[in-house]
Protein chains: 2
Amino acid sequence: MPAKRKSASATAEHAPLQLEHFLPYRLSILSNTVSQAIADDYQRRYDISVTEWRVMAVLARFEGLSAREVAERTAMDKVAVSRALARLVGAGRVSRVTHDDDKRRSVLGLTEAGWRMHDEVAPMARARERELLARLDAEERAWLTRILDKLLSDGNGNPEAANR
Amino acid sequence: MPAKRKSASATAEHAPLQLEHFLPYRLSILSNTVSQAIADDYQRRYDISVTEWRVMAVLARFEGLSAREVAERTAMDKVAVSRALARLVGAGRVSRVTHDDDKRRSVLGLTEAGWRMHDEVAPMARARERELLARLDAEERAWLTRILDKLLSDGNGNPEAANR
DNA sequence: TGCAAATGGTTTCATATGAAACTATAACGT
DNA sequence: ACGTTATAGTTTCATATGAAACCATTTGCA
């Protein structure tokens with residue numbers, strides 16, 4: 001057999017992983033580049049982080065949530081939510097009052113300023129998503145949705161994950 | 001029209017994002033849960049992080065790389081690689097010597113101990129990947145590969161990303 | 001009632017991470 | 001040869017992150 005270099009270790013006997021074909025690795029790369037690309041749009045412009053934006057996004061859909069509920073819906077842990085809220089409230093983008101019947105809970109919502117920002121960022125985010133999906137044809141897009149639904153159902157995603 | 005609650009803001013006029021259908025968000029959730037699940041396998045057991053494991057994985061495939069080349073192939077930045085290498089060398093899992101012709105570069109490779117660990121972790125990682133993919137049927141798996149190839153080619157992934 | 005356990009949220013602490021500055025060596029142009 | 005620029009890699013610093021401890025309030029129940 002023709003002698004190759006390579007210290008005889010990086011060969012069959014060790015069966016090294018091929019990172020570039022390893023699904024978890026590929027997902028991680030894709031997820032990071034995509035999120036980063038989108039975040040770059042508003043990060044600087046509005047001085048807001050991805051986690052903060054996610055909090056705003058759920059508050060735009062569901063007014064009056066508590067912090068815990070926000071954590072559930074964003075799949076973030078409660079520490080992250082607490083911190084994001086601190087900044088958002090500080091920046092006047094989110095309002096927070098104590099729940100009438102349960103003084104532990106807070107009742108959250110977007111402020112006027114929060115809504116204004118939301119209404120600028122949401123279309124941008126959607127546009128970026130469209131750009132990304134434009135690289136697939138209709139059939140591929142349909143499969144992607146289906147596959148993600150499947151992989152995210154059950155153990156993953158947030159549904160039925162009690163607290164965090 | 002029938003009056004609904006909800007402060008009249010979270011409605012059509014604002015078109016809030018539906019996080020749970022937003023591709024970047026879904027990718028992020030999936031990527032995190034998958035990576036975490038796999039990492040849990042070896043994290044505690046071998047006291048090694050995901051980034052360190054990735055470095056080991058490429059060194060298993062390509063002996064004698066420099067740190068920069070490792071960074072390229074793992075899509076990690078050079079600071080992360082530098083730190084991972086420091087720990088790996090310290091733990092006796094990676095060997096590092098200075099390149100003969102270029103004293104800036106290091107020449108990296110797995111040690112005996114590194115190989116032993118690699119040979120235990122790699123099959124575990126592959127098994128986890130198989131479990132994940134087992135939730136899809138053959139057709140879906142094929143589409144997923146194709147879609148990821150497409151989305152990762154060009155701007156994303158590491159190919160042609162000069163340095164970082 | 002009154003007290004143990006649970007829950008909502010925040011703070012603390014230890015670790016992870018990236019950008020920018022820095023050190024050492026090499027490459028390039030004159 | 002010699003200074004300028006580029007490259008490999010490390011360190012520093014500021015920020016991000018999560019687990020665990022913590023405080024306040026509420027719930028469950030004897």
Side-chain angles (χ1 to χ4, degrees), chain A residues 28-29 31-33 35-37 39-40 43-44 47-55 58-59 64-91 94-108 161-164, chain B residues 28-29 31-33 35-37 39-40 43-44 47-55 58-59 64-91 94-108 161-164:
Chain A
S28 158
I29 300 290
S31 168
N32 289 343
T33 51
S35 285
Q36 204 42 56
D40 286 347
Q43 211 104 78
R44 299 239 161 213
D47 182 34
I48 196 176
S49 70
V50 175
T51 63
E52 286 163 38
W53 167 246
R54 282 187 187 170
V55 168
V58 310
L59 289 179
L65 292 186
S66 69
R68 209 206 87 246
E69 292 166 322
V70 169
E72 258 177 35
R73 296 199 179 264
T74 52
M76 293 164 53
D77 78 72
K78 60 184 191 158
V79 178
V81 170
S82 172
R83 280 195 271 243
L85 285 172
R87 282 207 74 211
L88 289 169
V89 171
V94 165
S95 64
R96 167 163 58 184
V97 301
T98 306
H99 187 101
D100 281 341
D101 302 345
D102 184 344
K103 290 173 196 148
R104 293 170 305 180
R105 266 193 279 173
S106 41
V107 177
L108 304 163
N163 190 329
R164 292 196 154 250
Chain B
S28 158
I29 300 291
S31 168
N32 289 342
T33 52
S35 285
Q36 203 43 56
D40 286 347
Q43 211 106 76
R44 299 241 161 214
D47 180 37
I48 196 176
S49 70
V50 175
T51 63
E52 287 164 36
W53 166 247
R54 281 186 186 170
V55 168
V58 311
L59 289 180
L65 291 186
S66 69
R68 209 206 87 245
E69 291 167 321
V70 169
E72 258 177 36
R73 296 201 178 264
T74 52
M76 293 164 52
D77 78 71
K78 60 183 190 158
V79 177
V81 170
S82 172
R83 280 195 271 243
L85 284 173
R87 281 206 73 210
L88 289 170
V89 171
V94 165
S95 64
R96 168 162 59 184
V97 300
T98 305
H99 188 100
D100 281 341
D101 302 344
D102 184 343
K103 290 172 195 151
R104 292 171 306 180
R105 266 195 278 174
S106 41
V107 177
L108 304 162
N163 188 329
R164 296 194 154 250

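Residue numbering restarts at 1 for every chain, and letters A, B, ... go by the order of the sequence lines. As the structure is a prediction and not an experimental result, all values here were calculated from the model.
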Between D:dA8 (C1') and B:Glu69 (CD): distance, integer Å: 11 Å
Short side-chain N/O contact from B:Ser106 to OP1 or OP2 of D:dG9, under 4.0 Å: yes
Straight-line distance of B:Leu85 CG to B:Ser66 OG, nearest 0.5 Å: 10.0 Å
Residue list, side-chain hydrogen bond (donor to acceptor under 3.5 Å, both in side chains) with A:Asp101, at least two apart or on another chain: none
Side chain of A:Ser82 (C-beta onward), nearest among D:dT25, C:dT11, C:dT25: C:dT11
Atom-to-atom span, CE of A:Met76 to P of C:dG9 - whole angstrom: 13 Å
Pairwise distance CZ(B:Arg73) to CZ(B:Arg68) - rounded to 0.5 angstrom: 10.5 Å
Integer-rounded Å distance: D:dT10 C1' and B:Arg105 CZ: 18 Å
Results of side chain to side chain contact (heavy atoms under 4.5 Å, CB included) for A:Ala80 - residues two or more places apart only: A:Met76, A:Asp77
Approximate separation, where rounding is to 0.5 Å, of A:Leu59 CG and A:Glu69 CD: 10.0 Å
Value in whole Å for how far the C1' atom of C:dA24 lies from NE2 of B:His99: 16 Å
Under 4.0 Å protein heavy-atom contact, by nucleotide of nucleotides 12-21 of chain C - B base, S sugar-phosphate only: B----BBBB-
Length of the NZ-P vector between B:Lys103 and C:dA27, whole Å: 11 Å
Length of the CZ-P vector between B:Arg104 and C:dT23, whole Å: 17 Å
Whole-Å distance separating the CG atom of B:Asp102 from the P atom of C:dA24: 16 Å
Distance, rounded to the nearest Å, where A:Asp100 contributes CG and D:dT26 contributes C1': 15 Å
Any A:Gln43 side-chain heavy atom under 4.5 Å of A:Ser49 side chain: yes
